[in-house]
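To keep things clear, I will list the structure first and then write my remarks on it.
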Amino acid sequence: MKNNIVVYLADDHPVVRKGMIRLLSTFKRVGEVLETSNGRDLIKLLEKRLPDAVIIDVEMPQLGGVDTAKYINEHFPNVKILVLTMHTEEVIVNRLMDLGVHGFLSKANEPEEIEKALYSIVDKDFYRNAIVDKALSKMNHSKEKLEGYTPLSQREIEILLLICQELSPGEISERLSISEKTFFNHRQHILDKTGARGNVGLVKFAHQKGFIELSGKHS
C-alpha cells in the first residue's frame with residue numbers, strides 16, 4: 001500500500017480546483033498535489049515528473065479530458081487516471097473506459113468516495129462504482145457484441161474474474177499462490193488478447209462476454 005501519493009489535478013474552474021486541492025491535502029496517504037487548468041499544461045507537468053495519479057475534468061480548454069486521457073495512457077501508461085466530472089453519460093464513460101481510464105467520479109460525490117476512489121486506482125488499478133455499472137448496463141441493452149478476440153485460458157479467466165472482484169495484485173497473487181510478477185505477466189496476456197487498456201476495460205470486456213453480471217453492489 002503506497003503512501004505519500006503524488007496527485008496532479010487538472011480542472012479549468014478555479015473554485016472547484018482550489019476546493020479539490022484542500023480536500024486532497026486532508027487525505028492521509030496523499031503527499032503532494034499539483035494543479036493546472038487544462039490538459040496541455042498537465043502534460044507539461046507529466047513530462048517533468050510523473051505522479052502516481054491524475055484527476056482530470058472532461059471539459060477543459062486547449063486539450064479536453066478525452067484527448068488528455070488518451071495521451072496519458074499512450075505516453076505515461078503507469079499513471080492512474082481518475083475522471084471527475086458532471087458528465088456521466090454512458091457514451092462518454094464507455095469511450096474513456098476504452099482509452100484506459102481507471103475510474104470515474106461525479107463532482108457531486110462525497111469526499112469519502114473521492115478518497116476511496118483515489119486509493120483504489122493506486123492500489124488496484126481501477127475503481128468500479130455506479131457510474132461504471134450504469135454505462136455497462138446501457139451497453140448491454142444495446143446488445144454490443146465482441147468478435148475476433150483470442151480466447152482466454154482457464155487461468156486467465158480465473159485472474160480476470162478476480163480483477164473484476166476488485167482485488168489488488170497482491171491479493172490475487174496470494175489467493176492463486178503465484179508471484180506478483182507471474183500475475184502481471186498473465187494480466188498483460190489478457191490485455192493483449194482482449195484489446196483492453198486497463199482493468200476498467202477488462203471489467204467492460206468481462207461484462208460484454210457474460211463472465212460477470214451487474215450485482216447492484218455499487219448502486
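Note that the numbering runs from 1 along the sequence shown for the chain. Nothing here was measured: the structure is a model prediction, and the numbers come from that model.
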Give the minimum heavy-atom separation between [X] and [Y], together with the two atoms involved.
X	Y	result
P14	D12	CD-O, 3.3 Å
S25	V33	OG-CG2, 4.4 Å
S179	S173	O-OG, 3.6 Å
K2	D52	CE-OD1, 2.6 Å
V122	A53	CG2-CB, 4.4 Å
P61	S37	CD-O, 3.9 Å

Is the shortest heavy-atom distance from the side chain of [X] to the side chain of [Y] under 4.5 Å?
X	Y	result
D192	Q188	yes
K18	E35	yes
V7	L82	no
R197	E74	yes
F76	I81	no
I55	L105	no
L202	T194	yes

(message) side-chain contact (heavy atoms from CB on, under 4.5 Å), that's the test. Do I114 and M20 meet it? Break it down for me.
(response) CA-CA 10 Å; I114 296 173; M20 276 297 299; 4.2 Å; yes
(message) How about NZ on K116, more than 12 heavy atoms from neighbouring residues, nucleotides or ligands closer than 6.0 Å, or not?
(response)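 Atom NZ in K116 is not crowded, with 12 or fewer foreign heavy atoms closer than 6.0 Å.
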(message) As a quick check of understanding, evaluate side-chain contact (heavy atoms from CB on, under 4.5 Å) for L99 and N73, giving each step before the final call.
(response) CA-CA 7 Å; L99 292 177; N73 185 267; 5.7 Å; no
Rounded to the nearest 0.5 Å, how far apart are [atom1] of [X] and [atom2] of [Y]?
X	Y	atom1	atom2	answer
N109	E115	CG	CD	13.5 Å
T150	E156	OG1	CD	9.5 Å
I159	C164	CD1	SG	12.0 Å
L191	F184	CG	CZ	10.5 Å
L162	R175	CG	CZ	5.5 Å
N185	I190	CG	CD1	11.0 Å

Could you pull out every donor-acceptor pair under 3.5 Å between side chains of residues 42-51 and any protein atom, sequence neighbours left out?
| residue | atom | partner | partner atom | Å |
| --- | --- | --- | --- | --- |
| R49 | NH2 | E32 | OE1 | 2.7 |
| R49 | NH2 | E32 | OE2 | 3.0 |

(request) Using distance alone, with no hydrogens and no angle criterion, decide if N199 and R128 have a side-chain donor and acceptor under 3.5 Å apart. (result)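 Note: N199 and R128 side chains miss the donor-acceptor criterion.
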(request) Show the numbers, then the answer: is there a side-chain contact (heavy atoms from CB on, under 4.5 Å) between M1 and Y119? (result) CA-CA 9 Å; M1 185 174 69; Y119 296 164; over 6 Å; no
(request) Just jot down the salt bridge (charged side-chain N to carboxylate O under 4.0 Å, His left out) partners of E158, sequence neighbours excluded, or say none. (result)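 E158: salt bridge (charged side-chain N to carboxylate O under 4.0 Å, His left out) contacts with R155.
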(request) Using the test salt bridge (charged side-chain N to carboxylate O under 4.0 Å, His left out), find all partners of R29 that sit at least two apart in sequence or belong to another chain. (result)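 Here the qualifying residues are D123.
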(request) State plainly whether the residues D125 and K80 are in salt-bridge range, i.e. N to O under 4.0 Å. (result)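 So D125 pairs with K80 through a salt bridge.
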(request) Identify whether the distance between the nearest side-chain nitrogen and carboxylate oxygen of D57 and R17 falls below 4.0 Å. (result)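 Result for this pair is no, no salt bridge flagged.
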(request) Keeping the roles fixed (side chain from D98, backbone from R95), state whether a donor-acceptor pair exists under 3.5 Å. (result)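 No: the side chain of D98 does not pair with the backbone of R95.
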(request) List the steps, then state whether side-chain contact (heavy atoms from CB on, under 4.5 Å) holds for H13 with K107. (result) CA-CA 12 Å; H13 296 91; K107 287 184 177 179; 4.1 Å; yes
(message) Applying the side chain to side chain donor-acceptor pair (under 3.5 Å) criterion to Y127, which one of E166, E113, H102 satisfies it?
(response)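 Only match with Y127 under side chain to side chain donor-acceptor pair (under 3.5 Å): E113.
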(request) Hey, can you tell me if F211 and F205 have their rings parallel, tilted or perpendicular (30° and 60° cut-offs)? (result)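 Aromatic pair F211/F205 classed tilted.
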(request) Hey, can you tell me if H189 and H186 have their rings parallel, tilted or perpendicular (30° and 60° cut-offs)? (result)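 Plane angle over 60°, so perpendicular.
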